[in-house]
Structure formats: structure tokens, C-alpha cells
Amino acid sequence: MSVQQPRVSPTQFQQRVYQLVEKIPAGRVVTYGWLARQLGCNSSRAIGQALRRNPFAPRVPCHRVVGKNRLLTGYQGLTENQSLSRKQNLLSSEGVEFDGDGKVQPHYVIG
DNA sequence: CACCTGACATAAT
DNA sequence: AATTATGCCAGGT
């Protein structure tokens with residue numbers, strides 16, 4: 001029988017990112033840059049990498065992380081609109097609202 | 001082992 | 001105002 005084995009231990013950096021993301025309450029979102037600052041890291045890009053890498057399933061609500069412009073940049077490692085709309089749906093079901101441009105309304109962003 | 005690339009953000013040109 | 005360069009971190013080639 002197949003066992004889902006953790007590929008490799010997440011790096012220390014990734015663990016910190018995940019821990020932080022786990023704290024994001026439903027119905028709120030944060031930006032990559034915000035996370036980066038919380039971690040004292042000067043690169044939001046690194047955050048994106050950590051999340052992209054497919055965190056352990058829904059354990060880490062990575063769908064609550066958006067760009068600074070409040071656009072949804074990616075989900076499940078993909079940048080396709082289809083994935084993005086799913087991300088959007090998830091957020092919607094948590095009560096987050098969007099404007100006509102597909103940006104989350106500023107009110108929901110922490111920071 | 002060296003180089004490229006990416007779910008970003010910001011400062012400098 | 002628009003493009004380019006830098007920062008950071010890990011995986012992939």
C-alpha cells in the first residue's frame with residue numbers, strides 16, 4: 001500500500017512560513033510581502049517559493065495569501081486562471097469579497 | 001557543481 | 001511613468 005511520505009523535511013524557513021500562514025484567520029488575507037516582513041526576510045519571492053512548493057494540503061491555508069495589489073497570483077503551484085478562480089472561490093466561501101477586477105477588497109487584507 | 005527560474009516587492013535608472 | 005536591478009530561498013536542469 002502506498003504511503004504518503006513527506007518527500008523531504010521542509011526547511012526551517014518553510015516551517016516558519018507555514019506556521020505563520022496557519023495563523024491567518026479565515027476571512028482575512030495577507031500579502032507575500034507582509035509575511036516576508038514578519039519573518040524578517042527581505043524577499044517576498046522566497047515566500048512565494050515556500051508556498052508554491054505545495055504545502056501539506058489544506059493544513060496551510062495558502063489561499064489566504066495574495067499579492068500586494070490584492071490580486072491572486074497562484075494556487076496549487078499553478079498560475080492558470082482556473083486555479084486562481086478556485087482560490088477565489090475558497091476565499092469567497094470564507095466570506096472574502098472581491099471587486100470587479102478580481103482583487104480582494106482592501107478591507108480583508110491584514111497589514 | 002554552476003546557472004536558471006519562479007505563487008513577489010521595492011529601490012534605482 | 002515605465003523598465004531594470006536586487007534581495008532571498010529552493011528546486012530543477
Side-chain angles (χ1 to χ4, degrees):
Chain A
M1 49 194 251
S2 60
V3 180
Q4 293 186 7
Q5 218 168 348
R7 313 169 270 292
V8 289
S9 315
T11 65
Q12 198 178 346
F13 178 72
Q14 288 167 348
Q15 291 185 32
R16 282 199 299 268
V17 174
Y18 301 153
Q19 277 185 34
L20 202 47
V21 172
E22 278 177 314
K23 295 186 197 156
I24 307 172
R28 311 291 320 263
V29 299
V30 300
T31 67
Y32 295 92
W34 186 86
L35 288 174
R37 284 187 40 174
Q38 301 301 306
L39 293 179
C41 147
N42 196 25
S43 175
S44 42
R45 190 175 222 174
I47 303 293
Q49 279 316 304
L51 297 181
R52 175 199 174 229
R53 178 74 192 140
N54 185 4
F56 306 63
R59 183 184 113 186
V60 174
C62 45
H63 58 274
R64 296 182 194 147
V65 185
V66 306
K68 175 151 199 208
N69 50 21
R70 290 167 335 228
L71 280 171
L72 309 191
T73 49
Y75 186 57
Q76 291 192 326
L78 307 169
T79 61
E80 306 170 2
N81 287 332
Q82 190 169 353
S83 304
L84 297 184
S85 18
R86 289 203 288 151
K87 182 168 176 177
Q88 185 174 16
N89 285 333
L90 277 172
L91 290 172
S92 296
S93 59
E94 293 182 351
V96 178
E97 304 178 286
F98 296 78
D99 63 16
D101 302 328
K103 300 180 175 183
V104 308
Q105 300 205 1
H107 171 61
Y108 298 98
V109 184
I110 298 178

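Below, chains carry the letters A, B, ... as their sequence lines are ordered, and counting in each starts from 1. All values derive from a computational prediction rather than experimental measurement.
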* Tell me: CD of A:Q15 to C1' of C:dC9, nearest whole Å? -> 15 Å
* To do: Provide, to the nearest angstrom, the distance between the CG atom belonging to A:N54 and the P atom belonging to C:dA10.
  => 17 Å
* Asked: Which nucleotide, B:dA7, C:dC8, B:dG6, lies nearest any side-chain atom of A:Q49?
  -> B:dG6
* Asked: Can any side-chain N or O of A:K87 pair as donor or acceptor with the backbone N or O of A:V65 at less than 3.5 Å?
  -> yes
* Could you check how far CZ of A:R53 sits from P of B:dT5, rounded to whole Å? => 19 Å
* If only atom types and distance count, is the side chain of A:K68 paired as donor or acceptor with the main-chain N or O of A:T31 below 3.5 Å? -> no
For nucleotides 9-13 of chain B, which of its nitrogen or oxygen atoms have a protein nitrogen or oxygen under 3.5 Å away, and what is each distance?
unit_1: B:dA9; atom_1: OP1; unit_2: A:K68; atom_2: N; d: 2.7
unit_1: B:dA9; atom_1: OP2; unit_2: A:K68; atom_2: N; d: 3.2
unit_1: B:dA9; atom_1: O4'; unit_2: A:S44; atom_2: OG; d: 2.7

* Which whole number of Å gives the distance between the P atom of C:dC8 and that of B:dC1? -> 23 Å
* Heavy-atom pair with the smallest gap, counting every atom of A:E22 and A:V60 -> CG-CG2, 4.3 Å
* Taking atom P in both C:dT13 and B:dA7, what distance in whole Å separates the two? -> 14 Å
* **Rounded distance (Å) that lies between atom C1' of C:dG7 and atom CG of A:L39** => 15 Å
* Roughly, in whole Å, what's the span from CD in A:Q12 to P in C:dA10? -> 9 Å
* Proximal nucleotide (of B:dA7, C:dC9, C:dC8) relative to the A:R52 side chain -> B:dA7
* Structure fact -> Separation between CZ (A:R52) and CG (A:L78), nearest 0.5 Å, reads 9.0 Å
* Output the single nucleotide from C:dG7, C:dC9, B:dA7 whose closest atom is nearest the side chain of A:P55. => B:dA7
* **Integer angstrom distance from the P of B:dT5 to that of C:dT4** => 16 Å
* Going only through I, L, V, M, F, W and Y residues with side-chain contacts under 4.5 Å, is there a path from A:F56 to A:L90? -> no
* Would you classify A:T11 as touching base, sugar-phosphate or nothing, given that sugar-phosphate means primed atoms plus P, OP1 and OP2, and contacts are heavy atoms under 4.0 Å? => sugar-phosphate
* Between C:dA5 and B:dC4, how far is it from one P atom to the other, in whole Å? -> 14 Å
* Nearest-Å distance, CZ (A:F13) to C1' (C:dG7)? -> 12 Å
* To do: Using modelled atom types only, decide if a donor and an acceptor are shared between the side chain of A:S83 and the backbone of A:T79 within a distance under 3.5 Å.
  => no
* Tell me: CD1 of A:I47 to C1' of C:dA10, nearest whole Å? -> 13 Å
* Asked: If two hydrophobic side chains count as joined below 4.5 Å and joins carry through other members, does A:Y32 share a cluster with A:L39?
  -> yes
